[in-house]
Amino acid sequence: MDFSVLEVANTWRVLVTGAAGFLGSHLCDLLLSRGHHVTGMDNLMTGHMSNLASAMRNSAFEFIEHDVLIAFDGVFDQIYHLASPASPPVYQKHPIETAKINFLGTLNALELAQRTGARFLLASTSETYGDPEVHPQTESYCGNVNQTGPRACYDEGKRIAETLAFDFHRMRNVDIRVVRIFNTYGPRMNPNDGRVVSSFIDQAIEGRDITLFGDGSQTRSFCFYMDLIVGLERMMNADDITGPVNLGNPEEIKIAELAISVIAMTNSSSRVVNRALPEDDPKLRCPDISKAIRLLNWKPEVSLQEGLAETIAYCRKNLLRAST
Ligand code: NAD
Ligand code: UDP
């Protein structure tokens, strides 16, 4: 996507928490390309400095290694709050930390937004809908989350983060934006964090077994990162809107079909092996994005085929670099 064709009205001082992660680093690159002054904050729990290689060469970028659990200060016009583990195997390995990061980390970021008068955007998630009984998911659906299950640290963590954002808005007049991000993929995803697109691609390229959880009939809807971060920016800069707004690609696919596509696109000899379906794994997921279309004039432009091709090329290059 050519970022330069999109208009920018102002130059802002922007804080991005979770800046060294997959989405945070791409967001920093987009904001820098717009001419903003960007501060990236991250404790490198799941992110990597290599994701910020191009941002670090830009004099309008500053990186602060910091844990959002510890209160922080600064002067900002906008805060994009992305800091949180996002992959199910990772957050299930660190459930107490995940719940804390989403509650206390979001509280710290909101308190900073209040002190400095910044507009605040929360990167929430489709996981707030849990294993949904409404399909596709609309923002008015309150969800079906098992609050004692292994995904709850993340699902309920993001739900309390949304609650905090709305209470800071109601009680303290903080200007908030809440987006619910549906599965997003692309270059810079950590291949070891267990998320399905990067796992399947790396397994296929290396000729290893493709680990299909359950019978693969569960669905997801995959959005390419470029579409998503443009949506985040649109939401941040839209007037008179708090959200929540769903951002994702409504092109729904069974996970078994994703495995077949990845094998075909990588020309792989890998075979598909079935593994147990993780507890509380949502059976269906697809965003209703009519609100984003109407309020933000936003919809994804990159098809799954195009996005997968670019991600496969990136993973091939990365694996080659790692092996030499
Ligand atoms: P990621 O793991 O690549 O990035 C998260 C970043 O947050 C990492 O760099 C990590 O080191 C940082 N972080 C974690 N805990 C921190 C802490 N205590 N202090 C400072 N930094 C901390 O994941 P991502 O896919 O880029 O996700 C970014 C955000 O978007 C997350 O909030 C996630 O919940 C949300 N989201 C992502 C998706 C998706 O499909 N990628 C879907 C829904 C929501
Ligand atoms: N999945 C899979 N094999 C893997 C990783 C994930 O079949 O190696 C499935 C997982 O059970 C889920 C879907 O792919 O149904 C998406 O998983 P991911 O962890 O990427 O994200 P989720 O949407 O579950 O948060």
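What you see is a predicted model; the values in this text were computed from it and never measured. For this chain, numbers begin at 1 and follow the sequence in order. Both counts, for ligands and for their atoms, begin at 1 and track the order of listing.
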field: Sub-3.5 Å N/O-N/O distance, A83 and ligand 1
entry: no

- prompt: So, is A86 polar-close to ligand 1, with some N/O to N/O distance under 3.5 Å?
  reply: no

- request: Looking only at distances, please establish whether an N/O atom of ligand 2 is found under 3.5 Å from an N/O atom of R195.
  value: no

- prompt: Based purely on interatomic distance, does F213 place a nitrogen or oxygen under 3.5 Å from a nitrogen or oxygen of ligand 2?
  reply: yes

- prompt: Does a donor on one side chain and an acceptor on the other come within less than 3.5 Å for E233 and H36?
  reply: no

message: Tell me whether ligand 1 is touched by K158 - counting only heavy atoms on the residue side and a distance under 4.0 Å.
response: yes

- prompt: Can you find a non-hydrogen atom of S87 under 4.0 Å from ligand 1?
  reply: no

query: Can you tell me if H66 has a non-hydrogen atom under 4.0 Å from ligand 1?
result: yes

- prompt: Backbone or side chain, does any N or O of D67 fall under 3.5 Å from an N or O of ligand 1?
  reply: yes

field: Sub-4.0 Å heavy-atom approach of A20 to ligand 1
entry: yes

- prompt: Is E97 touching ligand 1 with its side chain, its backbone, both, or neither, if touching means heavy atoms under 4.0 Å apart?
  reply: neither

- prompt: Which heavy atom of the protein is the closest neighbour of atom 8 (O) of ligand 2, given with residue, atom name and distance?
  reply: T211 OG1, 2.9 Å

query: At the 4.0 Å heavy-atom cut-off, does Y185 count as touching ligand 1?
result: no

query: Could a heavy atom of I101 be found less than 4.0 Å from some atom of ligand 1?
result: yes

